[in-house]
Amino acid sequence: GDHRDLHSFPTRRSSDLISAQTVQSQAQRMAHFTHEILLQKLEALSDDTDLYHFAVYQDDPDYLLEQFAKLQTFYQQAAAQNLGVVAYIA
């Protein structure tokens with residue numbers, strides 16, 4: 001069948017194309033986040049916040065810092081190459 005038919009099936013997954021311009025903007029914003037700022041923002045979130053894996057980050061802030069560092073690097077590399085990215089959320 002046609003690949004466009006796949007879009008008709010209900011799914012909890014989604015993806016978005018992020019333009020090269022947005023990637024560059026996000027990379028610049030993310031570059032300003034220090035570990036201290038990131039931890040402050042985590043602590044400022046309410047316990048009833050409905051965020052994906054929020055408890056994991058509260059229980060292990062080092063894991064959050066590690067994941068954020070990976071994301072920073074990814075966006076910096078994509079921005080340096082003037083690439084857009086596909087954000088895929090399962």
Side-chain angles (χ1 to χ4, degrees):
D2 193 324
H3 74 283
R4 291 174 289 182
D5 293 337
L6 296 175
H7 296 290
S8 64
F9 293 101
T11 178
R12 294 184 62 198
R13 297 178 179 149
S14 66
S15 63
D16 290 311
L17 178 60
I18 302 172
S19 71
Q21 182 181 12
T22 301
V23 168
Q24 290 175 358
S25 174
Q26 288 292 93
Q28 290 172 359
R29 289 181 61 212
M30 292 170 81
H32 296 289
F33 276 78
T34 64
H35 285 179
E36 293 78 23
I37 290 172
L38 201 56
L39 290 175
Q40 286 173 356
K41 289 188 177 294
L42 178 64
E43 291 170 5
L45 293 173
S46 168
D47 287 339
D48 63 348
T49 301
D50 187 25
L51 296 175
Y52 185 67
H53 290 311
F54 179 65
V56 172
Y57 298 133
Q58 279 188 314
D59 294 340
D60 187 2
D62 288 336
Y63 180 68
L64 172 68
L65 297 175
E66 176 186 317
Q67 296 304 308
F68 189 78
K70 289 178 184 179
L71 192 61
Q72 277 181 314
T73 299
F74 174 79
Y75 268 80
Q76 289 169 352
Q77 291 174 349
Q81 297 177 52
N82 198 34
L83 297 174
V85 299
V86 174
Y88 179 76
I89 302 165

Are [X] and [Y] joined in one hydrophobic group, where the rule is that I, L, V, M, F, W and Y side chains link up if heavy atoms are under 4.5 Å apart?
X	Y	result
Tyr63	Leu65	yes
Phe68	Ile37	yes
Leu83	Tyr75	no

Non-hydrogen atoms of [X] and [Y] that approach each other most closely:
X	Y	answer
Val23	Ile18	CG2-CG2, 3.8 Å
Met30	Gln72	O-NE2, 2.6 Å
Phe33	Lys41	CE2-CE, 3.3 Å
Gln28	His32	O-CD2, 2.9 Å

CD-OG1 distance between Gln40 and Thr34, expressed to the nearest 0.5 angstrom: 7.0 Å
Glu36 side, atom CD; Leu39 side, atom CG - distance, nearest 0.5 Å: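 Here the rounded value is 7.5 Å.
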Any Gln24 side-chain heavy atom under 4.5 Å of Asn82 side chain: yes
Leu64 side chain near Leu38 side chain, heavy-atom distance below 4.5 Å: yes
Atom CD of Gln21: over 12 foreign heavy atoms under 6.0 Å: no
